Participant: 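Handing you this structure, nothing more for now.
Computed from a prediction, not measured in an experiment: that's the story for all the values here.
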Amino acid sequence: MTAPRKPLRDVVAPDLDVLFCGINPSLLSAEVGHHFARPGNRFWPALHRAGLTPRLLTPAEDRELLRYGLGVTNVVARPTRTAAELTREELREGGEQLAALVGRYRPRVLAVLGVTAWRVAFDRPKAQLGRQPERVGGAPTWVAPNPSGLNAHHQLPDLARLYGELREAARS
């Protein structure tokens, strides 16, 4: 039996500097076929402010990330209105699938965008933001804040600074 087709395709290639991993697609992202498509999501501005892209990309340009050594995927493929709708089982199964994807494509750094999803998917209930002691699929793994506009704990300058640290980690 083959795995069901993902409603939002991964933007991935071998040997990326950073593979960003969101929690799961929004309903809008799945509808339009591009990552982080909801208005108010700060992923694209954070990448640009961090110096990871030379200009502000739009969600429709998500495949352009590959030109800059970056990629994007999700822990869970199922689109939802909010990540809170996901089950523990979905997150854990998604973590296993993510490890397989990372092992196949071998990015220099995996960046999981969302500490709560990381804690559940990888059974790390006390994990904090930053570099994690374990690797996923062989890659050094960082947990960074989720860029959703619903995440008020981290503002755009914080996201840009933290995302910029990921490229440095990939080069060290």
Side-chain angles (χ1 to χ4, degrees), residues 1-30 33-38 41-44 46-47 52 59 62 65 70-154 158-159 162-163 165-167 169-170:
M1 182 172 157
T2 59
R5 186 172 119 7
K6 289 183 171 185
L8 187 59
R9 69 182 177 176
D10 296 326
V11 176
V12 65
D15 303 317
L16 295 170
D17 287 338
V18 181
L19 177 60
F20 288 94
C21 181
I23 301 168
N24 73 308
S26 69
L27 296 175
L28 178 61
S29 287
H34 296 289
H35 293 270
F36 298 106
R38 282 183 54 136
N41 192 292
R42 299 165 299 172
F43 180 73
W44 302 104
L47 289 184
L52 298 174
D62 57 7
L65 289 173
L70 306 172
V72 64
T73 187
N74 288 290
V75 176
V76 175
R78 181 171 71 91
T80 60
R81 194 172 45 78
T82 70
E85 296 173 42
L86 299 172
T87 67
R88 284 184 158 301
E89 293 75 25
E90 283 178 298
L91 286 163
R92 289 192 173 146
E93 182 179 318
E96 291 171 11
Q97 293 172 357
L98 177 62
L101 180 86
V102 170
R104 186 171 349 145
Y105 288 99
R106 304 174 48 97
R108 287 175 189 82
V109 169
L110 171 65
V112 176
L113 305 180
V115 70
T116 302
W118 167 261
R119 288 173 179 161
V120 175
F122 293 93
D123 197 26
R124 301 288 183 256
K126 296 183 190 259
Q128 300 296 316
L129 295 174
R131 188 174 184 144
Q132 302 302 303
E134 56 277 316
R135 293 172 171 252
V136 172
T141 302
W142 290 64
V143 175
N146 187 293
S148 168
L150 301 174
N151 180 2
H153 298 293
H154 296 278
D158 301 322
L159 295 173
L162 293 166
Y163 290 9
E165 291 173 6
L166 297 169
R167 173 66 54 84

Participant: In Å and rounded to the nearest 0.5 Å, what is the OG1 to CZ distance from Thr73 to Arg9?
Facilitator: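 These two atoms lie 12.5 Å from each other.
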Participant: Where do Leu28 and Ala37 come nearest, in terms of heavy atoms and distance?
Facilitator: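 Heavy-atom minimum between the residues: CD2-O, 3.5 Å.
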Participant: Tell me, do Pro107 and Val18 make a side-chain contact under 4.5 Å, heavy atoms counted?
Facilitator: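 Sidechains of Val18 and Pro107: no contact.
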Participant: Distance-only, no hydrogens or angles: does the Glu96 side chain make a donor-acceptor pair with backbone N or O of Glu93 under 3.5 Å?
Facilitator: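 Here the side-chain-to-backbone pair does not exist.
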Participant: Measuring from atom CZ of Arg78 to atom CG of Leu8, what distance do you get when rounded to the nearest 0.5 angstrom?
Facilitator: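 Arg78 CZ to Leu8 CG: 14.5 Å, rounded to 0.5 Å.
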Participant: When you measure from the side chain of Thr141 to the backbone N and O of Val136, does any donor-acceptor pair fall under 3.5 Å?
Facilitator: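 Here the side-chain-to-backbone pair exists.
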Participant: Donor-acceptor check, side chain of Arg42 to backbone of Pro147, threshold 3.5 angstrom: yes or no?
Facilitator: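 Confirmed, Arg42 side chain pairs with Pro147 backbone.
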Participant: Can you see which heavy atom on Asp62 is nearest to which on Gly33, and at what distance?
Facilitator: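 Closest heavy-atom pair between Asp62 and Gly33: OD2-O, 4.2 Å.
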Participant: Roughly how far, to the nearest 0.5 Å, is CG of Leu101 from CG of Leu19?
Facilitator: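 Here the interatomic distance stands at 6.5 Å.
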Participant: If you take all heavy atoms of Trp142 and Glu165, which pair is closest and at what distance?
Facilitator: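 Minimum heavy-atom contact is CZ3-OE1, 4.4 Å.
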Participant: Show the nearest heavy-atom pair for residues Cys21 and Asn74, with the distance to one decimal.
Facilitator: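 Closest heavy-atom pair between Cys21 and Asn74: SG-C, 3.5 Å.
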Participant: For His34, does its backbone N or O pair with a side-chain atom of Ser29 as donor and acceptor, under 3.5 Å?
Facilitator: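 Side chain of Ser29 to backbone of His34: a pair is present.
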Participant: In this structure, which one of Thr80, Thr82, Val76, Leu86 forms a side chain to side chain contact (heavy atoms under 4.5 Å, CB included) with Ile23?
Facilitator: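 Single pass found, and it is Leu86.
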Participant: Side-chain donor-acceptor contacts of residues 119-126 below 3.5 Å, not counting sequence neighbours, with atom names and distances?
Facilitator:
from	atom 1	to	atom 2	distance (Å)
Arg119	NE	Ala127	O	2.8
Arg119	NH2	Ala127	O	2.7
Arg124	NE	Glu134	OE1	2.7
Arg124	NH1	Phe122	O	3.4
Arg124	NH2	Glu134	OE1	3.3

Participant: Find out whether Leu70 and Leu16 are in side-chain contact, i.e. whether some heavy atom of one side chain is under 4.5 Å from a heavy atom of the other.
Facilitator: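 When only atoms from C-beta onward are counted, Leu16 and Leu70 do not touch, as no gap falls below 4.5 Å.
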Participant: With sequence neighbours excluded, tell me which residues meet salt bridge (Lys or Arg N to Asp or Glu O under 4.0 Å) with Glu89.
Facilitator: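 If we apply the salt bridge (Lys or Arg N to Asp or Glu O under 4.0 Å) test to Glu89, skipping adjacent residues, there are no hits.
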Participant: Using 0.5 Å steps for rounding, measure from the CZ atom of Arg92 to the OG1 atom of Thr87.
Facilitator: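 That separation rounds to 10.0 Å.
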Participant: Could you go through the side-chain contact (heavy atoms from CB on, under 4.5 Å) check for Val115 and Gln128 one step at a time?
Facilitator: CA-CA 7 Å; Val115 70; Gln128 300 296 316; 5.7 Å; no
Participant: Carefully, step by step, assess Leu166 and Leu52 under the rule side-chain contact (heavy atoms from CB on, under 4.5 Å).
Facilitator: CA-CA 9 Å; Leu166 297 169; Leu52 298 174; 5.8 Å; no
Participant: Once side-chain hydrogen bond (donor to acceptor under 3.5 Å, both in side chains) is applied, what residue pairs with a partner in residues 103-113 remain, sequence neighbours excluded?
Facilitator: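 Sorted pair list: Asp17-Arg108.
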Participant: What is the ring orientation for Phe20 with Phe43, classed by angle as parallel under 30°, tilted 30 to 60°, or perpendicular over 60°?
Facilitator: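 Plane angle over 60°, so perpendicular.
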Participant: Report yes or no: does Asn24 contribute a side-chain atom to a donor-acceptor pair with the main-chain N or O of Ala77 at less than 3.5 Å?
Facilitator: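 A pair under 3.5 Å: no.
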Participant: Checking the side chain of Trp44 only, and the main-chain atoms of Phe36 only, is there a donor and an acceptor separated by less than 3.5 Å?
Facilitator: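 Side chain of Trp44 to backbone of Phe36: a pair is present.
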Participant: Between Asn146 and Tyr163, which heavy-atom pair has the shortest distance, and what is it?
Facilitator: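 Shortest heavy-atom contact: C-OH, 4.4 Å.
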Participant: Answer whether the closest heavy-atom distance between the side chains of Leu113 and Pro145 falls below 4.5 Å.
Facilitator: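 Answer no - side chains too far apart.
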